[in-house]
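Each remark here refers to the structure printed beneath this line.
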Protein chains: 2
Amino acid sequence: MAEDHVGPAGIVLSASIARRYYLDGRSKVEIADEFGLSRFKVARLLDAARRSGLVRIEIRHEGGIDVDLSVRLRDRYGLQHAVVVDTPDDDDASLRGHLGRAAAGLLAEVVTPDDVLGLAWARAVSAMAEALPPLPGTPVVQLTGVLSVPGGPDTSVDVVRGVARASGGTAYVFYAPFTVPDAATAAALRRQPEVARAFAQLPHVTRAVAGVGLWAPGQSTLYDAVSEEDRAALDRLGVVADVSGVFLSADGEPVATGLADRMIGIGAEQLRQIPEVLVLPYGTAKAPAVRAALRSGLVGGIVTHTALAHAVLGD
Amino acid sequence: MAEDHVGPAGIVLSASIARRYYLDGRSKVEIADEFGLSRFKVARLLDAARRSGLVRIEIRHEGGIDVDLSVRLRDRYGLQHAVVVDTPDDDDASLRGHLGRAAAGLLAEVVTPDDVLGLAWARAVSAMAEALPPLPGTPVVQLTGVLSVPGGPDTSVDVVRGVARASGGTAYVFYAPFTVPDAATAAALRRQPEVARAFAQLPHVTRAVAGVGLWAPGQSTLYDAVSEEDRAALDRLGVVADVSGVFLSADGEPVATGLADRMIGIGAEQLRQIPEVLVLPYGTAKAPAVRAALRSGLVGGIVTHTALAHAVLGD
DNA sequence: CCGCGCGGTGCTCAGATGAGCAGCAGGAGG
DNA sequence: CCTCCTGCTGCTCATCTGAGCACCGCGCGG
C-alpha cells in the first residue's frame, strides 16, 4: 500500500492513456502502439490510475432514482425489485405522487400478458393507478374490501376498475367493506358470488401491489378504522405492521388475530403464494413496519423514498 | 440514436451490474452467472449504461494539476511534456512558486544521469531551482549572461550553482552580462575561457529550462533591460517573444537582430539542437508570446497555469 | 569481487471480450 | 392466413486481456 510516487509527467501520461482507454474506447494494444509502450505497461498505468483515483467511475442516475440505495435495499432483503425515489422530504401527497409514478413505471416494465395483478387498497396504490400507462391485457383482482375514508380518494373498487381499464383486462371487483362487526357477517359476505369470484382468482395472482401500515395512529388506514378494543388487542399480540390487511410482528411473522375473521380480504397464506408482492411505503415513521414487512418474506418488491430507505437500512 | 426507454427496474438492474463490473471488478461471465443472464446481455446492458450516462467515468486529478488542459496543450502543440497547474489567479510571486514546484517535480522525474541540463535566466526558473530535489549527478550549464535586476533574486550564476549543488554535477557558469553596448565587447567576452567552456557544452545539453518573455513593457526582463532604440528596432522586426534571449516572431520564426550580436547567451540554432526545452510562462498577457514559442518548434515542454493555458488554447 | 534481493519489465497461455452473424418471436400489412 | 420486417437473443471466432512467471539491471552487503 506504499504511496507510489509519480511526478507531473507520469500523471499527464496516465491521464492521456486513461482518456484514450476509458473515454475513446481504444484497446490497450492500440494505445501501447500509439505511445510506444508495451501493453503491459499500459495495463499497469491504467491500474495505477484507477487505484490512485485519477480515474473515477461513478454510478449515478439523474432522474429521481437513487440507484445505490435501491441496490442496497434489494440485496439486503433479497428482493426482486427495489426502487428508491430520490425526493426531498415533501408532504405526503407529493411523496405519494412520486412513488406512484415510479411504481407505475416499474409495473409497466415487469408485467407481462400472462400476469394476474392484485391490488390492495392504499393511497399510494391509488396514486400509482393514476400514473399507470397502458398494460398488456392483464386481469386485475381486488385483494381487500372497501375502507371508507371520509373525503378520501378512490375506493379499492375504483382503483381496480381504473387499472383494469388501463390494461384492457378483466376487473375482479366486489363491493364489501374491509371490516365488519362480526365473523358471521364476514363469512356471509365471502360467500357472495362477486366476492367468491374475486377470491377464486387469488391463487392465480402473480403480482400484487400494496401499501404498508404501521400499527399506530395515523400510520395505517386500517388502524384508524377499527375499534379501540381491536387496536388494543392487536397491540397486545405484538402487531407492528399490516400489509394488505395481513398483520405482522416486528420480526415479520404473520400474527393470527380475531380481527382477521371479521375482515374481507386476502389472508397471510394466500399472500405468501403470490410470487411478487410490491409495497409502496413512505414516511420515515414507518421504518419498523417496513422492516417487518421485508423480513416476512411476503414482500418481493418495494418502491419508496430516500429518507425511508435510509431509515430502514439504519443509516 | 432513439431514446431507449428503460424503466426503474432496468435502471436498478443496470446499476447493480455496473457496480459489480466497474467497482467490484468482476468479469462479465461471473456477473452473467450471478444474475442468470447471458454474458452478451450483460455486455449490452453495460454499454447502454455507459451511453445513457448511468456510468460516468471522469479523469481528474486532485493535486493541483489540470490533466485535461495539460493533455490538450501537449497534443495541440506536439509537446513532449505539458503540465498545467490548477491555481486561481494569484499574484505573480505565488504563481511562480507553484510553477516552480511543478517544474521541479517534472524535471526530477525525467532527468537521467546522462542528461546535461541548461538553464536560462528567468524568475520562474529561479523558483524552480529552490524547489528542486536532489538530481542524479547531472551537469548544469548556464545558457544566458547575467541580467541585473535591481533588488531581484538570484542571478543566472546563482541559479546554475544552486541546481548543480542539488544534482551533484559540474556547474558550467560564467560571469558576463547578458547584453553589452557593442558587438566587439560581446565577441571578446565570448572568448573568455569561462564563457567558452560553458558554450562548448551547449551541443551536449539535452534539457533546458527557460522563461518566456512577451516583447512588451513589464513582460520580459530583457525588454525592460535594453535601450529604447533596441526595443523599437525589435518591434519593427516583428519580435513578439523571447525565449532564453532568442527572439521570435508571432509565427514562431526566430528573428535575426542586431541586438543578438551584443548578447552573451545561447543562439537560435544552438537552442534548436537541444532535445527538450522546457518553458515556464505565467500571466495571461503572455499568451501571444507563448503561442509563438510553442509554434517555433524550439520548445519541447511547458509548465504553466490554468488561465494562461486557456488563453493559449483560445478558450 | 561475487551473491542476493528488489523493483520493474515483458512473456506465456488460458480465459474474457467484442464484432458480426444467424435464429427466432412478435407485429404489420397484404 | 401468410410473409416480410424488425428487434432481440445468443452463437462463433478472432482478438484482447490478466495472472503468474522469468528475466534483467541495479544497489547492497558480505
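Chain letters run A, B, ... following the sequence lines, proteins first, then strands; residues in each count from 1.
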> Listed by chain and number, what are the side-chain contact (heavy atoms from CB on, under 4.5 Å) partners of A:Arg19, not counting sequence neighbours?
Replying inline: A:Leu23, A:Asp24, B:Ile59, B:Asp68
> Between atom NZ in A:Lys41 and atom C1' in C:dC11, what is the gap in whole Å?
Replying inline: 16 Å
> Quick one: are A:Val209 and A:Val125 in side-chain contact, heavy atoms under 4.5 Å?
Replying inline: yes
>> Whole angstroms only, please: what is the CZ-C1' distance between A:Arg39 and C:dC11?
In response: 9 Å
> Could you give all pairs that pass the salt bridge (charged side-chain N to carboxylate O under 4.0 Å, His left out) test and reach residues 103-119 of chain A, with sequence neighbours left out?
Replying inline: A:Asp115-A:Arg207
> Starting at CD of B:Glu34 and ending at P of C:dA16, how long is that distance when rounded to a whole Å?
Replying inline: 15 Å
>> Within the 4.0 Å limit for protein heavy atoms, which parts of nucleotides 20-26 of chain D are touched? Write it as a string from 5' to 3', B for base, S for sugar-phosphate only, - for none.
In response: -------
>> Using whole Å, what does the distance between atom P of nucleotide C:dA16 and atom CG of B:Leu37 come to?
In response: 17 Å
> What do the steps show when you test A:Gln270 against A:Val205 for side-chain contact (heavy atoms from CB on, under 4.5 Å), and what is the final call?
Replying inline: CA-CA 9 Å; A:Gln270 293 164 310; A:Val205 172; over 6 Å; no
>> Output the rounded distance in Å from CG (B:Asp47) to C1' (C:dT17).
In response: 11 Å
Identify each donor-acceptor pair in which a side-chain atom of residues 74-84 of chain B lies under 3.5 Å from a protein atom, sequence neighbours left out, and give them as a table.
| residue | atom | partner | partner atom | Å |
| --- | --- | --- | --- | --- |
| B:Arg74 | NH2 | A:Ser16 | OG | 2.7 |
| B:Arg76 | NH2 | B:Leu313 | O | 3.3 |
| B:Gln80 | NE2 | B:Pro275 | O | 3.1 |

> When the distance from CG of B:Leu46 to P of C:dA19 is rounded to whole Å, what number comes out?
Replying inline: 13 Å
> Any side chain to side chain donor-acceptor pair (under 3.5 Å) pairs touching residues 36-48 of chain A, not counting sequence neighbours?
Replying inline: none
> Does any residue of residues 10-33 of chain A have a heavy atom under 4.0 Å from DNA chain D, and if so, which ones, in number order?
Replying inline: A:Tyr21, A:Ser27, A:Lys28, A:Val29
> Any side-chain heavy-atom pair from A:Ile31 and A:Tyr21 closer than 4.5 angstrom?
Replying inline: yes
> With a 4.5 Å heavy-atom cut-off, do B:Val71 and A:Val12 have their side chains touching?
Replying inline: yes
